[in-house]
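Remarks on the structure that follows.
The figures here come from the full heavy-atom set of this structure, side chains too, leaving out hydrogens, waters and symmetry mates. In the text below, chain A, chain B and the rest are named by the order of the sequence lines, each starting its count at 1.
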There are 4 protein chains.
Amino acid sequence: MKKDKPKYRIIIDAAVTVIAENGYHQAQVSKIAKQAGVADGTIYLYFKNKEDILISVFEEKMSLFTDKLMEILETEMPASDKLKFMIENHFDVLSADRHLSIVTQLELRQSNHDLRMKINGVLKEYLVLLDVILKEGMESGEFDQDMDIRLARQMVFGTMDETITTWVMNDHKYDLVRLAPKVHRMLMKGMRA
Amino acid sequence: MKKDKPKYRIIIDAAVTVIAENGYHQAQVSKIAKQAGVADGTIYLYFKNKEDILISVFEEKMSLFTDKLMEILETEMPASDKLKFMIENHFDVLSADRHLSIVTQLELRQSNHDLRMKINGVLKEYLVLLDVILKEGMESGEFDQDMDIRLARQMVFGTMDETITTWVMNDHKYDLVRLAPKVHRMLMKGMRA
Amino acid sequence: MKKDKPKYRIIIDAAVTVIAENGYHQAQVSKIAKQAGVADGTIYLYFKNKEDILISVFEEKMSLFTDKLMEILETEMPASDKLKFMIENHFDVLSADRHLSIVTQLELRQSNHDLRMKINGVLKEYLVLLDVILKEGMESGEFDQDMDIRLARQMVFGTMDETITTWVMNDHKYDLVRLAPKVHRMLMKGMRA
Amino acid sequence: MKKDKPKYRIIIDAAVTVIAENGYHQAQVSKIAKQAGVADGTIYLYFKNKEDILISVFEEKMSLFTDKLMEILETEMPASDKLKFMIENHFDVLSADRHLSIVTQLELRQSNHDLRMKINGVLKEYLVLLDVILKEGMESGEFDQDMDIRLARQMVFGTMDETITTWVMNDHKYDLVRLAPKVHRMLMKGMRA
DNA sequence: GATGAATGAGAGTTCATTCAT
DNA sequence: CATGAATGAACTCTCATTCAT
């Protein structure tokens with residue numbers, strides 16, 4: 001399995017660095033190869049094409065969000081708390097890797113239609129986990145039982161996303177994680193029963 | 001003034017159509033010219049370069065949102081109602097011009113760093129108007145007086161944006177405008193005093 | 001006759017100014033029109049095309065050299081003196097109009113093959129007059145009667161031309177006319193009987 | 001080093017051929033690539049851009065003149081003889097490669113200001129060598145010790161250049177090398193003590 | 001005569017991908 | 001496995017010239 005070989009991760013990480021530092025449109029395959037310390041052609045031993053690198057970046061990094069979130073889901077706690085941990089985890093991961101935050105919030109959004117569709121496919125898995133929390137909260141009576149779950153999901157994810165993007169566009173100059181409780185409180189107010 | 005000549009608008013509208021139908025990266029100047037029914041060179045009598053066309057698309061179309069919003073702001077009504085009209089207007093405009101919705105939600109986000117910064121400048125004017133509503137609501141006691149206004153703005157805009165993008169990515173297959181009241185209600189719950 | 005109308009000369013002079021100040025490749029027809037204070041289309045009432053403007057610049061300005069030279073030729077004086085007056089006149093004219101010196105020595109030489117051939121046709125008329133001096137000098141015994149007249153012409157014109165070009169490329173920072181006697185003396189030594 | 005790879009020279013020579021046969025303004029990169037038998041993109045592995053090709057043509061070919069001239073300078077012989085060999089060598093090189101003579105005398109002079117300045121830099125190295133001969137001759141008493149060395153250089157180079165250009169413009173229809181002794185004799189007469 | 005808006009052909013350069021070594 | 005030299009398609013913008021007014 002290619003994914004288990006060390007060069008696979010090395011190339012993925014090189015891609016994140018190169019995209020963050022040069023921008024999506026200046027992230028040529030040759031630059032990624034150089035950053036990874038391999039020849040251009042070697043990239044194609046591990047990835048089908050350039051798009052495949054980018055999808056893989058997203059897939060690999062997405063587990064940083066989902067692994068923790070799945071642990072949270074398995075615990076016994078109110079949906080509200082689970083939501084809180086989800087937001088905090090999300091903000092934590094991006095605070096810890098600013099290159100990654102630039103890549104996910106700004107650069108990868110410049111990708112073309114096809115790639116964005118594929119990225120959305122990966123993202124959907126994450127949103128499904130969010131839906132689990134929302135459903136739990138509605139069933140337990142914590143959240144408004146009449147709310148439109150898709151709308152709620154869009155509010156939660158849209159608010160988080162917009163908050164992070166604003167933070168990135170302000171050059172990370174304030175503490176994102178500190179905003180988590182406020183974001184949580186406001187969203188909870190909107191969804192509370 | 002170039003902007004008052006009919007060809008200026010014709011080219012802008014041609015650009016929206018071409019970008020929506022072909023995608024940002026397949027929207028060559030020659031295609032826009034053909035769609036507009038003018039020669040390639042004519043484009044450059046009205047626009048400095050290709051980026052200038054795209055900025056102008058955004059500026060021109062943004063007035064569809066702001067003109068109405070400014071009327072709303074001048075009336076006497078509760079901030080909650082103003083917010084409701086804002087959301088409805090926003091959804092109305094994009095429902096009425098699906099090409100435009102594709103362009104603003106998907107295609108223009110693929111533009112390069114420079115162009116996105118300029119687009120953000122234009123967008124900021126709109127967000128300032130949203131802030132006016134939020135401040136009014138907080139002063140009148142309708143909205144939570146302790147809420148972080150930037151966070152609230154990010155929730156409102158992030159939710160609207162995510163809602164619209166989801167709708168566009170689902171090929172406009174349901175009625176966006178019908179979602180406005182629900183979106184409004186949920187956001188209001190989150191911000192209410 | 002177009003050439004007698006005032007706009008004809010106005011356009012010619014505008015062309016010299018524009019070429020000298022912007023360089024050959026930046027001397028667009030529209031710039032020349034603007035400098036001349038006429039519309040782009042008006043240019044084409046007086047000149048067949050852009051090349052025709054440039055040829056005409058050369059033809060018109062060439063008379064500054066030939067008119068005086070023909071006067072000189074008609075006088076009774078040794079060929080050596082005629083040569084001296086020719087060199088002095090040539091240097092005088094270009095010292096008096098530095099724009100023109102830039103145009104003839106540097107800019108017009110960037111023109112394409114066709115145009116250069118036509119310019120050479122005009123120049124040939126001038127070189128014919130030089131040949132007259134050389135022949136006179138050979139017949140009178142002032143100049144070496146065995147010299148190759150074409151070679152002598154190339155030496156005289158080549159030396160003058162190189163001297164002027166060097167002066168232009170040094171930003172006219174010394175007095176060209178003061179060099180004339182030295183140039184004359186040296187050339188005469190080379191050709192003397 | 002790129003310059004040592006065979007393709008470097010192949011492209012240079014292809015450029016000379018294409019420029020000579022098509023003219024400077026019709027010498028597209030794609031034509032040069034085709035003539036060289038490589039892909040368009042390959043050109044850019046060896047040269048920064050089109051201007052870099054042209055500079056390199058000049059630099060490489062200039063060594064045809066300077067290498068021999070430097071040998072001549074190192075020998076013990078009268079300055080007059082050195083000058084003679086210089087002229088002969090110059091004429092020899094261009095007689096042997098008529099394409100090159102078209103390129104240096106006609107086509108490359110159409111280049112833009114920047115390129116011409118760079119070419120002048122290369123040319124200056126050659127003129128410095130000519131100055132060495134002139135100084136030697138003046139010190140040994142062979143040449144007029146009062147002559148202005150810059151003027152003498154302009155006469156020598158101007159005469160050679162004009163002679164060659166005339167020959168090229170007459171389609172090389174006579175023997176250039178046979179003119180060398182006459183040119184030398186005439187120039188020597190002009191400079192002799 | 002004069003205008004100037006409109007035309008449209010034409011070329012340098014980048015970069016993802018391949019494949020012989 | 002790894003290399004990296006070579007490939008070649010693709011697109012914005014300029015500007016001389018025209019012609020309806």
Which whole-number value in Å describes the distance from D:Q28 CD to E:dG12 P? 6 Å
Within the 4.0 Å heavy-atom criterion, would you say D:V29 contacts the bases, only the backbone, or no part of the nucleic acid? base
By nearest-heavy-atom nucleotide on DNA chain F, the more 5' of D:V38 and B:K50 is D:V38
side-chain N/O D:K48 vs E:dT13 OP1/OP2, d < 4.0 Å: no
Atom-to-atom span, CG of C:L45 to P of E:dG4 - whole angstrom: 13 Å
Most 5' of C:A39 and D:D40 on DNA chain E, judged by nearest nucleotide: C:A39
Atom pair distance, as rounded to whole Å: NE2 in A:H25 and P in E:dT13: 22 Å
Test salt bridge (Lys or Arg N to Asp or Glu O under 4.0 Å) on B:D40 and B:K31; report intermediate values, then the result. CA-CA 9 Å; B:D40 292 16; B:K31 247 180 216 160; over 6 Å; no
Closest non-hydrogen atom pair between C:Y24 and C:E107, with its separation: N-OE1, 2.8 Å
Whole-Å gap separating C1' (E:dG12) and CD1 (D:I53): 10 Å
Please determine if a side-chain N or O atom of C:T42 lies less than 4.0 Å away from the OP1 or OP2 oxygen of E:dT3. yes
For the pair made of OH in B:Y44 and P in E:dG8, what is the distance, rounded to whole Å? 16 Å
Quick one: on DNA chain F, does C:N49 or B:Q26 contact a more 5' nucleotide (nearest heavy atom)? B:Q26
Spacing of D:I11 atom CD1 relative to F:dT7 atom P, expressed in whole Å: 9 Å
When you check the gap from the basic side-chain N to the acidic O, do B:K118 and B:D52 get nearer than 4.0 Å? no
Nearest heavy atoms of D:A20 and D:V103, plus distance in Å: N-CG2, 3.9 Å
Would a distance-only check, ignoring hydrogens and angles, find a side-chain to backbone donor-acceptor pair under 3.5 Å from C:R109 to C:Q105? yes
Return the value, rounded to whole Å, for the distance between atom CZ of C:F47 and atom P of F:dT17. 13 Å
Reckon C:K7 has a side-chain N or O less than 4.0 Å from the OP1 or OP2 of E:dA2? yes
I want to check one thing: is the phosphate of E:dA6, taken as OP1 and OP2, less than 4.0 Å away from some side-chain N or O of B:Y46? yes
Distance, rounded to the nearest Å, where B:D52 contributes CG and F:dT12 contributes C1': 14 Å
Residue pair D:G41/B:G37 against DNA chain E: nearer the 5' end by closest nucleotide is B:G37
Which one is paired to E:dA20, where only Watson-Crick or G-U wobble pairs with both distances under 3.5 angstrom count? F:dT3
